[in-house]
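Labels below follow one simple rule: chain letters A, B, ... track the order of the sequence lines, proteins then strands, and each chain is numbered from 1. Since we're looking at a predicted model, the values are computed, not measured.
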Amino acid sequence: MKVSKLLAPTMKEDPQEAEIISHKLMMRTGMLRRLAAGVYNYLPLGLRVIKKVENIIREEMDAIGGQEILMPALTPKELWEESGRWQVMGDNMFRLKDRWGREMGLGMTHEEIVTDIARKEVRSYRELPVMLYQIQTKFRDEPRPRGGIMRGREFIMKDAYSFHHNTESLDETYRECFQAYWRIFARCGMATEAVEADPGPIGGTDNHEFMVIADAGEDTIFLCSGCGYGANREMAYFMDPSGELPARPETSKKEKIHTPNVSTIDKLVEFLGVEAEKFIKALVYMADGKPIMALVRGDRELNEVKLRRALKVKSLEMATAEQILSFTGGDLGFSGPIGMEGKAVYADTEVRYMVDAVCGANEKDMHFKDVNPDTDFNVTGYIQIRDAADGDICPKCGKMMDVKRSVELGHIFKLGRKYSDSMKATFDDEDGKEKTFIMGCYGIGVTRIVAAAIEARHDKDGIIWPISIAPFECVVMPVISGDDKQRETAEKIYDELRKRGVDVAYDDRDHRPGFKFKDADLIGYPVRVVVGKDLDNGKLEMKLRHEKEKRMINVDTAVDEIMAVINELRAKDFELADKFEGCPC
RNA sequence: CGAGGUGUAGCGCAGUUUGGCUAGCGCGUCUGCUUUGGGAGCAGAAGGUCGGUGGUUCAAAUCCACUCACCUCGACCA
């Protein structure tokens, strides 16, 4: 490709619309342009990278027996109604009507569609297991798109679905997929952490998120350096406090205090001049329609996933002011455990260790101080219902966990029969009985990989692509394009590299060398070959983007030497992929 | 949806507080000449319904009202 003909409008300055590094660099390199909020045009350089990522995914998915298909983005309402997700997806789904008024949705994920394929086309256990995948545009009407391509409303995703006749088969495919995922991300230049996560509206049991550590990430994960335990914030459990409970006063020394309009922890901290950790925060929820109170220390966050799991309920919603009034007898903002005997009150394990705490009095503008658990109140149960925080201890091995920001690149689930049951997707098993499929599903954010790779590999001058996904593997340029000898030599090398299967760009533009160097660094060609004045001594210059030093090579052997370096770089991408250490389940 | 912010040339910005005459600057673009190892110099040129609508005024980028788009933080998130 001649750079003079390439639509790659590079910019010297950061665009105002971009905040995170990958977004800025994609704009500056001319890979990406915004069309609407969370919706982007991919210009040639951007698409080249995407295609390379897609092909790596194809290779690894095919290697574990995946079969590529293509399902439509435009999907009929009826299928989503069978699983109940027409409702569950809510405002996140883009919806439209055709000219006859039939309702359709733009696909956010394709469990329903693929399950429909399976129930129509797969009849016997002899055809199982089968794994189908597609690389396709997904639509999600995000409340707040951000980070450029990092969280868009339209994005490319690889989604795979597997069908099995028993759980052993599902487990096996899950493990294979786990390894394939590690390899895919590694080949794109990123080492990932697999963490346990909440399955969310997709449903199912076991699931892992593949996270790459990055400051620009939106997720918080907890990792144990000791045993490898890792979990998303929603699912991060930790070691409960043990040891002796603090001594309790024989008789209550609690005292009611007047706190006019002081209804939040922040206001209480200011009003009473006491730290947030001295307060007992009481939250009232409707759990499957029944009111319950949950208590956590004032400086902690309640974890709704943990609470929902502990209570074994499906729905959990914050109670309204009226519901709080009828449950506690007091106003919103002044709830507490005292006087709640016989009602459902669950406290975080940490609350039991609190001494002389402050809590709401279930009465407008009133709190209690010097409150002590056991002496002043009892609860239905002490369970772990708060978010993990910095300094918490690994539940498996007792070492301190690290807190990291990260980007979710992939998520794999063991779905079980959730969709096959609701959609009556059956096959004939070996015992002659009709059974519903056991399913797994496996997603990768293709466009997000591109953003994450840039976040992981860049410097002040631009992107430092791994050769596997670079828009071009190599660029060749004459220093002075007006110099016939330089130009002819550069062209010859360009042609020869192309013949040998290198994805090479030829910067034939009539610009000053400094300009072309800056552009090359920005775009991040892994290998740069410069034909300049050393040509008179039979020498060229080769420089790798990730190295500081230039190498001088002989004109006569230049192509062989360049090929050797490129092949070395290509092989390197597999080194990390081959370091896979095994699936935890 | 809550809170804050931005919209002026392809990009980055000034001008808006305190209304005023032909709306500016840098980068980029086009022409010509000179240059050529880290985003060149000189000379010339093109490019704007100042996000939109309505209002106030002799006069609006500037003041008022409404509206749209986008960004950041939060809520949300296969």
Under the side chain to side chain contact (heavy atoms under 4.5 Å, CB included) test, residues paired with A:A236 that sit two or more places apart: A:F222, A:A231, A:A388
Watson-Crick or G-U counterpart of B:rG44, or none if no pair lies under 3.5 Å: B:rC30
Aromatic ring pairing A:Y525/A:F472, orientation class (parallel under 30°, perpendicular over 60°, tilted between): tilted
Comparing A:G445 and A:E19 on RNA chain B - which has the more 5′ nearest nucleotide: A:E19
Contact letters for nucleotides 33-38 of chain B, in which S counts primed atoms plus P, OP1 and OP2 and B counts the base, heavy atoms under 4.0 Å: --BBBB
Whole-Å P distance, B:rG28 and B:rA40: 7 Å
For B:rG24, the Watson-Crick or wobble partner whose two distances fall under 3.5 Å: B:rC13
Who pairs with B:rU49 - Watson-Crick or G-U, where each distance is under 3.5 Å: none
Any strand: nucleotide that pairs with B:rU18 via Watson-Crick or wobble, under 3.5 Å: none
Nearest-Å distance once atom P is located in both B:rC73 and B:rC27: 32 Å
Under 4.0 Å protein heavy-atom contact, by nucleotide of nucleotides 4-16 of chain B - B base, S sugar-phosphate only: -------SSS---
Nearest-Å distance once atom P is located in both B:rC64 and B:rC77: 39 Å
Step-by-step side-chain contact (heavy atoms from CB on, under 4.5 Å) determination, A:M439 to A:F413: CA-CA 9 Å; A:M439 295 171 57; A:F413 304 77; over 6 Å; no
For atom CD1 of A:I20 and atom P of B:rU72, their distance in whole Å: 9 Å
A:R153 NZ/CZ over A:F94 ring centroid, <6.0 Å and within 45° of normal: no
Qualifying residues under salt bridge (charged side-chain N to carboxylate O under 4.0 Å, His left out), relative to A:E196, sequence neighbours excluded: A:K396
Nearest-angstrom distance, C1' atom, B:rG39 to B:rU57: 48 Å
Interatomic distance, A:K460 NZ vs B:rG39 C1' [rounded to whole Å]: 13 Å
Whole angstrom value for the distance that separates C1' of B:rC77 from NZ of A:K138: 16 Å
Nucleotide forming a Watson-Crick or wobble pair with B:rU36, both distances under 3.5 Å: none
Opposite nucleotide pairing with B:rC76, Watson-Crick or G-U, both atom distances under 3.5 Å: none
Within residues 29-44 of chain A or reaching into it, pairs that qualify as side chain to side chain donor-acceptor pair (under 3.5 Å) - sequence neighbours excluded: A:E17-A:R34
Whole-angstrom distance between B:rG12 and B:rA46, as gauged at atom P: 24 Å
Between C1' of B:rC77 and CE of A:M93, the distance in whole Å: 15 Å
Sugar-phosphate, base or nothing in reach of A:R34, heavy atoms under 4.0 Å: sugar-phosphate
P spacing across the pair B:rG74 / B:rG10, given as an integer number of angstrom: 34 Å
Side chain to side chain donor-acceptor pair (under 3.5 Å) against A:E68, all qualifying residues, sequence neighbours excluded: A:R58
Qualifying residues under ring-ring contact (aromatic ring centres under 6.0 Å, His included), relative to A:H110, sequence neighbours excluded: none
With A:E78 via side chain to side chain contact (heavy atoms under 4.5 Å, CB included) - residues at least two apart: A:P76
Whole angstrom value for the distance that separates P of B:rC71 from NZ of A:K24: 15 Å
Interatomic distance, A:R144 CZ vs B:rG2 P [rounded to whole Å]: 15 Å
Under 3.5 Å donor-acceptor pair, A:R151 side-chain atoms to B:rC77 base atoms: yes
Identified pairing partner of B:rU56, criterion: Watson-Crick or G-U wobble below 3.5 Å: none
Nearest-angstrom distance, P atom, B:rG7 to B:rC50: 15 Å
Summary of salt bridge (charged side-chain N to carboxylate O under 4.0 Å, His left out) pairs that have at least one residue in residues 173-184 of chain A, sequence neighbours excluded: A:E60-A:R183, A:R183-A:D578
Interatomic distance, A:R509 CZ vs B:rG39 P [rounded to whole Å]: 15 Å
Watson-Crick or G-U wobble mate for B:rC70, both contacts under 3.5 Å: B:rG5
Distance in angstrom units between A:M318 CE and B:rC76 C1', rounded: 15 Å
Between B:rA61 and B:rA23 - P atom distance, rounded Å: 10 Å
Distance in Å, A:Y419 OH paired with A:E111 CD, rounded so as to fall on 0.5 Å steps: 4.5 Å
